[in-house]
Amino acid sequence: MSSTLFRTKRVEQSILDTEEPEHALKKSLSALDLTVFGVGVIIGTGIFVLTGTVAKNNAGPAVALAFVVAGVVCALAALCYAEFASTVPVAGSAYTFSYASLGELPAWIIGWDLVLEFALGTAVVAVGWSGYIASLLDNAGWHLPEALSGRDGADGFGFDILAAALVLVLTGILVLGTKLSARVTSIVVAIKVTVVLVVIIAGAFFIKGDNYDPFIPKSQPVEAGGDLQAPLIQLMFGWAPSNFGVMGIFTAASVVFFAFIGFDVVATAAEETRNPQRDMPRGILGSLLICTTLYVAVSIVVTGMQKYTDLSVTAPLADAFKAIGHPWYAGFISFGAAVGLTTVCMILLLGQTRVFFAMSRDGLLPRFFSHVHPRFKTPHRPTILLGVIIAIVAGFTPLSELAELVNIGTLFAFVVVAIGVIILRRTRPDLHRSFRTPWVPFLPVLSVLASLWLMLNLPAETWLRFAIWMVLGFVVYFLYGRSHSRLAKGEETTVGQVVKPPNGGAE
């Protein structure tokens, strides 16, 4: 059984699959498009919300260092992603990379994980976007009925019509074509980056040096306990990371990591890139560098404008300008945040549909979903299915408690990709690699350790929910995926010999 669970799919076969007319995606993206996608999905809820939370509760003005730590962890993973995405330019990101290096079962596990990560990420951001829009409508004198605002009405019914509508509209845009999505994203990203630059430039004039004292507040250890809400590291070793101090910076890094989620989505668009060998590394690393720089600058400015103990935990950027008597900037920032979150939803949804598409093309999910639209050359079937499901989930469920599942899912993908780079270097040294991760195996091992450290800082309850989703994934794989896999049908062996399946070749 172990030989079937860990059968690998040749890189060459993965690339050949992308040339089948019924399953081929249109190649239309450039390095600039990929960078815009990356910036579009990374700059979102994290920078507009988390800065105040972690500054007030964990790191003080040193939140800037927490962003640096989280950025370094992502950079280590990004170097591994860049090698894989340029070597295996196929839809599916970490799922496809795992299939080529670790085997079918690990690939299924990571694919199942990514489906959850992107789905919850899309729904959470859609609900957040709905809150911003509802607030702007309220300011304009337009009030949504309680039952359609996501809050329970008099009859106990509550549906977030704005969140659901956003997901459905973005689903339609993605069905019409990735290039159209890139154009829409470019416009919205320009608005979003402008807002961030306004915060940095305008806020710099209101910085007070006294607000940085102390830059790293004195450590305040948290008592150990058995609450599942505590970080797993507390339950395992009997102690919790400190609030403030040097350890507070690392605790903050595990929280602000949410602000970086998304650069790995760029890798899911590898198959739709015109020159993936050159453009994928540029798009992945370029977007991460731009966003890390902006994050550090924003956190320095905001904690300099207002004492970290007074920062808002819901809208720190906007409220900081309100506190110094400039409400116009606050309204502008809120508008930019609302507009900017649309790209986050779009690109997370794009990433999820590409992973689902790749898994169905390999037979691990029904192949009905692996056919592309005859005109738009997009995976319209999984896009519509997942778009409708996420719209319903976003409409009925306030997913704030599940948001941390997005963190653990992404970090788990980072671990798998880093291990995959080491394995593929040993098993397929002959592959042409237009981009090579430096210092292998040292750098991938460091990436694994850094990701695991941040995972340990997540609540034990998050690990429990993640384990339940993984168990469900195992059930689906053994009941369906294992027997319907194209490798299981004999379409390819682990050494690349194409053979006829026992039934004579019928699908």
Side-chain angles (χ1 to χ4, degrees), residues 38-79 121 192-193 195-201 203-204 207 211-212 214-217 241-264 284-308 311-318 320 333 336-337 340 344 403-404 406-407 410-411 414 446-447 450-451 453-455 457-458:
V39 174
V41 73
I42 296 173
I43 297 181
T45 307
I47 188 59
F48 289 114
V49 176
L50 291 180
T51 305
T53 302
V54 295
K56 195 167 186 175
N57 300 329
N58 302 109
V63 63
L65 298 181
F67 277 114
V68 172
V69 171
V72 168
V73 174
C74 289
L76 295 173
L79 290 168
K192 185 158 52 176
V193 171
V195 171
V196 174
L197 291 175
V198 165
V199 172
I200 296 170
I201 296 171
I207 290 177
N211 289 333
Y212 293 128
F215 188 75
I216 303 179
S242 300
N243 285 337
F244 306 113
V246 175
M247 288 305 300
I249 295 174
F250 290 102
T251 304
S254 67
V255 178
V256 301
F257 178 80
F258 182 83
F260 287 91
I261 286 177
F263 84 84
D264 56 321
I284 293 173
L285 297 173
S287 59
L288 184 60
L289 176 62
I290 291 171
C291 293
T292 302
T293 303
L294 292 176
Y295 281 1
V296 172
V298 166
S299 59
I300 290 175
V301 168
V302 171
T303 53
M305 291 174 60
Q306 191 175 19
K307 191 70 175 179
Y308 74 92
L311 284 173
S312 164
V313 297
T314 55
L317 276 62
I333 292 170
V344 182
E404 286 168 333
V406 183
N407 279 19
T410 302
L411 287 165
F414 287 1
L446 188 59
S447 177
S451 298
W453 172 255
L454 291 188
M455 290 174 75
N457 280 280
L458 291 170

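Below, all heavy atoms of this structure are taken into account, side chains as well, without hydrogens, waters or symmetry copies. Predicted model, so just to flag it, every value in this text is computed and none were measured.
Interatomic distance, CD1 of I333 versus CG of L317, reported as 5.5 Å (0.5 Å rounding). In this structure, CG on L294 lies 9.5 Å from CG on L289, to the nearest 0.5 angstrom. Of the inter-residue distances, the one linking L288 atom CG with T293 atom OG1 reads 9.0 Å to the nearest 0.5 angstrom. Rounding to the nearest 0.5 Å places CG of L411 at 5.5 Å from OG of S451.
Minimum interatomic distance between V195 and G336 (heavy atoms only, all atoms of both residues): CG2-CA, 3.5 Å. The two residues V344 and K192 come nearest to each other via the heavy atoms CG2-NZ, 3.8 Å. Considering every non-hydrogen atom in both A62 and I216, the closest pair reads CB-CG1, 3.8 Å. The two residues V301 and I200 come nearest to each other via the heavy atoms CG2-O, 3.8 Å. The shortest heavy-atom contact between A78 and I284 is CB-CG2, 3.8 Å. Between P217 and A59, the closest heavy-atom pair is CD-O, 3.4 Å.
With hydrogens and angles ignored, the 3.5 Å screen pairs a side-chain donor or acceptor of S299 with a backbone N or O of V296. In this structure, the side chain of Y212 engages the main chain of I300 through a donor-acceptor pair within 3.5 Å.
When side chains are defined from C-beta on, T51 does not count as touching V256, because their heavy atoms never get closer than 4.5 Å. Contact check for N57 versus T53: side-chain heavy atoms found under the 4.5 Å cut-off. For the pair T303 and I207, the minimum side-chain heavy-atom distance is 4.5 Å or more.
Classification of the Y295-F67 ring pair by plane angle, with boundaries at 30° and 60°, yields tilted.
Judged as a side chain to side chain donor-acceptor pair (under 3.5 Å), and not counting sequence neighbours, the contacts of T410 are E117.
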